[in-house]
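Every chain is numbered from 1 and lettered A, B, ... according to where its sequence line falls, protein lines coming before strand lines.
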Amino acid sequence: MESKPRRSTYIPQEIEPKWQKIWVERGVMKASDKSPKPKYYDLVMYPYPSGDLTVGHARNYVMGDVLARMKRMQGFEVLHPFGWDAFGLPAENAAMKRNVHPQEWTLANIAKGKRELQMLGILYDWDREVTSCMPDYYRWTEWLFLLLYERGLAYRAMAPVNWCPVDKTVLANEQVINGRCWRHPDVEVEKRDLEQWFFKITDYAERLLNDLQLLDKWPHKVRLMQTNWIGRSEGAEVDFPVDGHEGESIRIFTTRPDTLFGATFMVLAPEHPLVEKVTTDANRDRVREYVAKARKASEIDRLSTEREKNGVATGGFAINPLNGERIPIWVADYVLMTYGSGAIMAVPAHDERDFDFARKYNLPIREVIAPAGGAGDDLSEAYVGPGVMVNSGQFDGLDSKTGFDRIVTWLEEKGLGKRTVKYRLRDWLISRQRYWGAPIPVVYCDVDGIVPMPKDQLPVLLPKEYKPLADNHEFWRTTCPKCGREARRETDTMDTFVDSSWYFLRYASPHDDKEPFDSELANHWMPVDQYTGGVEHAILHLLYSRFFTKVLFDAGMLDVSEPFIRLFNQGMVKRFGQVMSKTKGNGVSPDELVEKEGADAGRIYEMFIGPPEEDVEWDDAGLHGVVRFLQRVWRIVLEPQSIQVAGASPAAPDQTLLRRKVAQTVKKVTEDYDDLRFNTAVAYLMELANAMQAYLQGGGARDAVWDSAVRTLVKLLNPIGPHISEEMWERLGEGGPERGLLADAPWPEFDAAAAAEPQMTLVVQVAGKVRDRLTAATGLSEEQALALALASEKVRAALNGGRPSKVIYVQDKLINLVP
RNA sequence: GCCGAGGUGGCGGAAUGGCAGACGCGUCGGUCUCAAAAACCGAUGAGGGCAACCUCGUGCGGGUUCGACUCCCGCUCUCGGCACCA
């Protein structure tokens with residue numbers, strides 16, 4: 001019995017661990033600070049180590065890895081680091097549930113996550129790994145808090161804050177979604193008056209807004225979301241004197257000073273400090289009752305736009321500074337204490353909210369802006385558009401835009417008001433009543449007040465014992481750094497978004513023990529060339545990081561004022577209609593994937609599954625299609641003799657054609673990787689493999705042209721399928737541990753001459769409908785093309801023997817004959 | 001309510017003013033096999049025709065253009081963001 005010649009088969013499980021080991025030994029992804037090559041900083045958002053890494057989460061890490069690998073081959077010195085957003089509540093929840101220390105749980109998850117990333121062939125410079133919960137990192141988070149404090153950007157204030165009753169901590173505005181906690185969509189936040197630490201991000205509102213214009217490589221959507229979040233409004237502040245209270249006035253903000261003559265009443269927020277003063281004795285009980293009720297109402301109820309507006313009259317009156325008119329002062333909770341000055345002038349004719357309110361309480365509605373093209377005395381709704389000013393004394397007849405300026409100027413001259421810009425953005429509340437976070441490094445002393453820790457005494461270490469810091473006497477009993485008397489340490493920790501607002505800088509000098517980062521190195525690597533992560537951070541993390549970068553720029557520690565040049569938000573991977581997660585039971589773990597089909601197939605499938613920015617549905621059958629593709633590539637590259645010359649209708653093997661296809665693929669795949677269009681890049685690689693197989697089936701010679709095609713295919717495949725391509729490279733005799741890695745080989749150059757099409761398909765249309773397709777040389781003149789078209793039987797038939805009255809010729813593409 | 005993105009075969013998707021459906025999945029037919037699976041080869045938008053071919057077709061209705069998935073206007077549905085910010 002004769003045995004067939006033994007064929008090598010593609011068995012990913014045999015080759016993947018081998019190359020992973022070699023890459024690590026060779027330090028393939030180590031970034032050198034001193035390289036003469038141009039730098040490329042390729043960053044993925046560092047994750048929370050939840051211990052729940054599925055191939056779904058890994059999708060964006062694969063994207064980052066593909067780019068990093070190609071950029072290296074293209075001759076860049078690539079910084080591709082990884083780290084862990086390791087402080088945060090889940091660790092405390094796990095600690096309470098399982099009685100393990102948050103740190104123990106976190107570090108175990110990190111070890112697990114790291115192993116899972118490595119088994120997918122994702123390479124990072126692990127020497128630069130940062131872990132935000134370790135003292136060598138949070139020491140510098142504390143340091144940066146002090147920097148902000150020194151610069152007047154960190155302050156402590158009593159304020160009504162959002163309290164999550166489940167997490168038992170306060171939340172930043174950005175963490176409250178529709179009045180509910182961002183981590184618990186079922187839990188309404190409560191308002192509490194607490195003294196808390198804030199970062200003064202509002203000082204940077206204007207710059208955060210303006211510099212969005214520089215970020216032209218960010219998704220339009222994210223820029224828009226930040227623009228709306230910052231919420232800039234131009235208008236005027238105007239003081240309305242309170243009738244009968246000499247020297248007392250109510251300051252309002254309006255974006256429509258042109259409607260000042262239409263103000264028929266004023267509204268104060270229930271929390272407004274002047275409420276008590278302006279209220280008359282006759283109205284006092286009702287007003288007090290209303291204010292008490294409003295304070296108790298939940299945020300959700302208060303902010304609901306559906307709810308009918310309500311309020312009470314104070315009995316007091318204010319004077320319109322423009323016309324001296326006496327108008328009543330009301331209290332209503334549709335006016336928010338947290339925006340503007342907590343008081344408004346109500347112009348019901350030209351504001352929908354004021355209109356509703358006026359209707360309900362029969363307050364006068366006076367039209368002062370007439371819509372262009374006719375007086376709109378229809379009072380069924382407020383007219384909020386521009387128009388011509390009426391009932392406005394000396395300003396009558398002006399268009400509202402001019403009136404805006406004139407009135408503001410008039411107010412400024414009289415000292416009654418001034419042009420103002422307001423933002424919706426609020427200061428960033430960073431205090432958290434939690435154990436597992438970076439301690440806020442300040443001490444409260446009866447004598448010296450708030451005393452920041454001296455920087456050389458950092459870090460304020462978290463105590464080993466897991467219990468609330470406020471209950472840990474050993475932690476908070478301390479001495480004042482200034483006077484040495486007994487003092488109390490701050491027991492709140494920082495929002496974990498503080499940790500993640502600067503981690504991308506730490507990667508530049510992760511072991512620096514003198515400062516948060518080495519400015520020279522940070523300036524070398526920054527800005528991040530490509531930043532990849534989920535869109536859920538469109539506001540929170542990205543806004544905070546931009547803020548920190550600007551503060552550090554102002555402090556002279558950084559040369560850049562925007563951290564991320566190009567931002568990409570990848571879509572999520574779903575399975576059975578839901579986002580993949582281990583807890584939901586629909587996750588595919590890296591172990592499962594690698595064991596079943598191999599890391600390369602999984603990587604390529606995740607890139608091929610759909611457009612990278614879209615949510616995609618994981619499908620095991622689809623994954624198998626990629627396995628087939630890899631097996632085919634393996635055969636084409638290593639076993640071309642095993643591919644039978646087809647009997648039926650083999651396409652004539654054409655070397656020029658093959659060379660052209662290879663050259664065209666180089667261009668398309670390179671551009672697509674660069675633009676993160678991985679799905680089409682894979683499609684082009686498949687097309688090339690199909691063309692190469694057809695060439696073999698046609699009996700094509702395996703000569704120099706073939707060899708070059710094979711090597712190019714393997715190289716183009718490398719960033720996305722690194723193990724199989726590295727193995728094939730070695731077996732082709734091109735590389736391997738001795739002769740050099742494919743990962744270090746140069747990227748294929750685009751050969752424009754080889755890619756050029758000498759012939760074209762001339763599409764012939766008659767009246768815009770395709771009637772024939774002709775093969776012709778490129779560069780035809782219109783006359784030549786027309787002659788060719790008219791020679792076609794089908795075209796003549798479509799023209800019914802007539803002559804075209806008009807001809808449109810698109811060079812090398814199409815000719816359209818209009819009868 | 002306001003702002004934004006989107007709607008293409010049985011499915012995921014490709015094509016951004018010029019050949020609609022690349023690439024893949026699935027399905028059907030074939031080769032191999034005692035058989036099945038796998039693998040490989042071929043077909044595959046719908047309708048009509050023996051066929052060459054013809055007609056229709058990118059959510060709906062209009063428009064611009066020699067020509068529209070692509071641009072404009074209106075509508076509709078889906079998804080995302082914001083939601084009393086004066």
Side-chain angles (χ1 to χ4, degrees), chain A residues 177-179 219-229 231-233 235 252-256 259 267 269 302-307 309 332-336 338-347 350-354 356-357 384 422-426 535-536 538-539 605 608-611 613-626 628-629 631-632 635 642-644 646-649 677 679-687 689-690 693 697 761-773 793-794 797 804-810 813-819:
Chain A
I177 296 155
N178 290 330
H220 178 72
K221 179 186 172 180
V222 175
R223 288 201 283 170
L224 202 72
M225 281 167 70
Q226 293 212 354
T227 302
N228 292 339
W229 189 261
R232 184 180 196 273
S233 301
I252 60 102
F253 173 70
T254 178
T255 54
R256 294 294 302 273
T259 64
V267 185
R302 257 191 83 168
L303 291 179
S304 166
T305 42
E306 255 109 272
R307 192 184 58 137
K309 293 179 193 359
D333 64 4
Y334 79 92
V335 172
L336 308 174
T338 45
Y339 184 77
S341 52
I344 62 159
M345 66 166 188
V347 184
H350 305 292
D351 181 283
E352 283 165 24
R353 298 152 298 183
D354 298 344
D356 291 346
F357 196 79
V384 297
K422 293 275 181 210
Y423 299 92
R424 210 194 72 123
L425 182 72
R426 310 286 154 81
V535 72
E536 65 274 19
I539 293 169
Y605 177 57
F608 184 58
I609 188 168
E613 70 280 7
E614 299 285 329
D615 289 354
V616 291
E617 177 76 19
W618 181 273
D619 170 29
D620 292 324
L623 171 63
H624 193 66
V626 173
R628 269 207 288 263
F629 163 65
Q631 281 166 345
R632 194 158 70 241
R635 267 182 79 195
S642 76
I643 289 170
Q644 306 266 319
S649 56
R677 292 193 304 254
N679 53 330
T680 47
V682 175
Y684 293 131
L685 288 172
M686 287 172 166
E687 270 191 46
N690 291 346
Q693 178 164 298
Q697 284 170 340
T761 303
L762 180 68
V763 175
V764 186
Q765 296 183 338
V766 175
K769 286 194 173 179
V770 179
R771 292 300 169 180
D772 205 356
R773 291 168 190 134
E793 197 67 44
K794 291 173 190 169
S805 64
K806 189 173 177 184
V807 176
I808 294 103
Y809 178 53
V810 182
K813 257 187 186 158
L814 168 145
I815 186 163
N816 188 8
L817 312 180
V818 186

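Checking side-chain atoms of A:D354 against main-chain N and O of A:V347 turns up a donor-acceptor pair under 3.5 Å. Between the side chain of A:Y334 and the backbone N or O of A:V267, no donor-acceptor pair lies under 3.5 Å.
One distance of note links NZ of A:K221 with CD of A:E613; it measures 10.5 Å at 0.5 Å rounding. For the atom pair A:F253 CZ and A:I344 CD1, the distance stands at 12.5 Å (nearest 0.5 Å).
Comparing B:U65 with B:C77, their C1' atoms are spaced 29 Å from each other, to the whole Å.
Judged by distance alone with a 3.5 Å cut-off, no donor-acceptor contact links the side chain of A:K794 to the base of B:C53.
Rounded to whole Å, the distance from CZ on A:R771 to P on B:C54 is 6 Å. If you measure from atom CD1 of A:I539 to atom P of B:G81, you get 9 Å, rounded to the nearest angstrom. Per the geometry, CG belonging to A:D333 stands 15 Å off C1' belonging to B:A86, to the nearest Å. Rounded to whole angstrom, the span from the CD atom of A:Q697 across to the C1' atom of B:U31 amounts to 13 Å.
The base-pairing partner of B:C40, taking Watson-Crick or G-U wobble contacts with both distances under 3.5 Å, is B:G30.
The closest side-chain heavy-atom distance from A:D351 to A:R256 is not below 4.5 Å. When side chains are defined from C-beta on, A:R635 does not count as touching A:Q631, because their heavy atoms never get closer than 4.5 Å. Side chains of A:Y339 and A:R426 form a contact here, defined as non-hydrogen atoms less than 4.5 Å apart.
A:Q693 comes within contact range of the sugar-phosphate backbone alone, with a heavy-atom separation under 4.0 Å but no base atom that close. Backbone-only engagement by A:I609 is indicated by non-hydrogen atom pairs under 4.0 Å involving sugar-phosphate atoms exclusively. Residue contacts for A:S233: at a heavy-atom cut-off of 4.0 Å it reaches the sugar-phosphate backbone alone, with no base atom in range. Residue A:R426 is classed as a base contact, given a heavy-atom separation below 4.0 Å to a base. At the heavy-atom level, A:L224 lies under 4.0 Å from the strands shown only through sugar-phosphate atoms.
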Interface polar pairs with nucleotides 19-25 of chain B, N/O, under 3.5 angstrom:
unit_1, atom_1, unit_2, atom_2, d
B:C19, O2, A:R773, NE, 2.9
B:A22, O2', A:E687, OE2, 2.6
B:G24, OP1, A:N690, ND2, 3.2
B:C25, OP1, A:R628, NE, 3.2
B:C25, OP1, A:R628, NH2, 2.6

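Taking only side-chain nitrogens and oxygens, A:K813 never comes nearer than 4.0 Å to OP1 or OP2 of B:G18. Not one side-chain nitrogen or oxygen of A:K769 sits closer than 4.0 Å to the OP1 or OP2 atom of B:G18.
The glycosidic torsion of B:G61 lies more than 90° away from 0, placing the base in the anti range.
If you find the closest nucleotide of RNA chain B to A:S341 and to A:V818, the one lying nearer the 5' end belongs to A:V818.
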